[in-house]
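For clarity, every value in this text was computed on a predicted model and none was experimentally measured.
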Amino acid sequence: MPDRFHPVHDCFHDLLAAGRETGAGLTIWYDGRPVVDLVADSRGAWRPDTLVNVYSVGKPVAALCLLMLVDRGRLDLDDMVATHWPGFRTPATVRQVLDHTAGLPVFPVARPAEAVADWGLLCADLAAADGEWEPGSIAGEHAWTYGHLVGELVRRVDGRSVGRFLAEEIAGPWRLDLGFGLGAADQRRCADLSYGDPAWPVRMLGEPGSLRARALGNPPGGLDLAVVNSPLWRGAQVPAVNLHATASALARLYAGLAAGGTLDGVRLFSPELVAEATRVQYDGPDLVLDRRACWTLGMQREPDGSWGMGGIGGSSAWADPERGYTFAYATAHLADHDRVDELVEVLHSCL
């Protein structure tokens with residue numbers, strides 16, 4: 001690690017020493033190379049290949065699978081979803097699915113937790129649903145549904161599941177340790193999630209009956225440790241919220257995107273596709289987040305020009321092209337994002 005980044009190392013370990021973190025990975029690339037690559041936990045059990053469920057950090061990863069097909073000319077951003085998914089009821093475009101304005105943030109039929117393993121059932125529910133709003137008129141993070149909307153389009157156009165497509169077309173060529181729908185061997189590498197505060201899941205769901213609660217609560221179990229630490233969850237493909245990844249893999253991914261779609265000499269995306277994917281598509285109120293949001297095609301864009309995604313519970317990954325770095329934090333300790341804010345403040349002081 002270059003000496004200038006040692007304050008980041010110290011801040012990371014201070015979080016562990018204070019009990020504000022119990023297990024995490026942190027990776028930073030600067031000027032096209034890794035400069036920070038840390039893993040640690042309170043029991044000394046984390047390894048560089050420990051995987052963790054990073055929740056919504058996986059949304060841009062799922063989006064990239066569909067965007068790769070757009071880049072290859074297999075579909076167009078302004079195609080109607082129903083063109084590729086016959087019987088899809090809501091008059092939304094591919095672009096509106098990707099930028100969270102499609103109007104389908106809720107699985108419309110109440111299903112048990114076990115339904116996360118039934119891809120066909122949940123996709124059929126979405127295809128038959130009436131939207132919560134006119135597509136394109138406003139945004140609302142498609143918190144649980146995003147991965148099924150994007151992933152089913154991938155499957156309909158390409159024939160492969162989004163998990164298999166990711167493994168074969170992106171993770172393999174760019175050597176990224178991440179995936180949707182883990183096999184038994186990879187499940188044994190997963191860190192168990194834990195709560196920083198027992199009341200955290202209730203706080204995240206919001207008011208009972210609200211759009212946020214409906215978007216996050218069906219199927220149930222996405223904030224239940226008994227579910228998310230289970231083989232059922234880890235083996236299922238719920239691409240909006242169950243990417244399992246290392247921080248190192250996420251920082252590598254964003255380094256490739258920040259370089260215009262090429263990593264270690266392997267081009268996966270055209271610079272034009274990366275530019276469109278990271279361009280602001282919607283800037284305004286978000287009905288699920290209950291705040292203003294600036295959406296690109298799968299990511300959020302900040303006023304300083306950085307783009308990426310944070311996950312509920314504290315994991316985050318993004319690129320800051322202006323400052324020349326990519327950042328990834330993968331945590332098993334579900335709490336608010338103040339840890340990431342502190343690490344980034346220290347990082348910026350080192351640049």
### Task
Tell me, with the steps shown, if D186 and R234 meet salt bridge (charged side-chain N to carboxylate O under 4.0 Å, His left out).
CA-CA 9 Å; D186 286 335; R234 290 169 177 168; over 6 Å; no

Roughly how far, to the nearest 0.5 Å, is [atom2] of [Y] from [atom1] of [X]?
{"X": "W29", "Y": "L253", "atom1": "CH2", "atom2": "CG", "result": "10.5 Å"}
{"X": "F107", "Y": "H142", "atom1": "CZ", "atom2": "NE2", "result": "10.5 Å"}
{"X": "S230", "Y": "Q187", "atom1": "OG", "atom2": "CD", "result": "8.0 Å"}
{"X": "N53", "Y": "D192", "atom1": "CG", "atom2": "CG", "result": "11.0 Å"}
{"X": "L153", "Y": "H84", "atom1": "CG", "atom2": "NE2", "result": "7.5 Å"}
{"X": "R164", "Y": "C65", "atom1": "CZ", "atom2": "SG", "result": "13.0 Å"}

Contact check, side chains of [X] and [Y], non-hydrogen atoms, under 4.5 Å:
{"X": "L64", "Y": "L257", "result": "yes"}
{"X": "P219", "Y": "V238", "result": "no"}
{"X": "L289", "Y": "Q300", "result": "yes"}
{"X": "S161", "Y": "F180", "result": "no"}
{"X": "W144", "Y": "L122", "result": "no"}

### Task
Using the ring-ring contact (aromatic ring centres under 6.0 Å, His included) rule, collect all pairs that involve residues 214-247, keeping only residues at least two apart or in two chains.
none

## Note on the structure
Taken in chain and number order and not counting sequence neighbours, the residues that satisfy salt bridge (charged side-chain N to carboxylate O under 4.0 Å, His left out) with D125 are R111

### Task
Output all residues satisfying salt bridge (charged side-chain N to carboxylate O under 4.0 Å, His left out) with D130, sequence neighbours left out; order by chain, then residue number.
R89

### Message
Going by the rule side-chain hydrogen bond (donor to acceptor under 3.5 Å, both in side chains), which residues pair with T331 if we only count those two or more places apart in sequence or in a different chain?
### Response
E21, R339

### Message
Apply side-chain hydrogen bond (donor to acceptor under 3.5 Å, both in side chains) to residues E276 and Q281 and explain how you reach the verdict.
### Response
CA-CA 9 Å; E276 181 63 17; Q281 307 285 328; 3.2 Å; yes

### Task
Indicate the ring-plane relationship of H9 and H6, choosing parallel, tilted or perpendicular according to the 30° and 60° boundaries.
perpendicular

### Flag if over 12 foreign heavy atoms under 6.0 Å of CZ, R4
yes

### Message
Tell me if the CG atom of D290 is crowded by more than 12 foreign heavy atoms within 6.0 Å.
### Response
no

### Query
Hydrophobic cluster mates of I28, side-chain heavy atoms under 4.5 angstrom, ILVMFWY only, any path?
M1, F5, V8, F12, L15, L16, L26, Y30, V35, V36, L38, W318, Y325, F327, Y329, V340, L343, V344, V346, L347, L351

### Query
For V109, what are the other residues in its hydrophobic cluster, where any two members join if their side-chain heavy atoms are less than 4.5 angstrom apart?
none

### Message
Salt bridge check, D76 against R95: does any charged N sit closer than 4.0 Å to a carboxylate O?
### Response
no

#### Entry: Side-chain donor-acceptor contact under 3.5 Å, H100 with D286
no

### Task
Answer with yes or no whether the side chains of W119 and E152 bring together a donor and an acceptor at under 3.5 Å.
yes

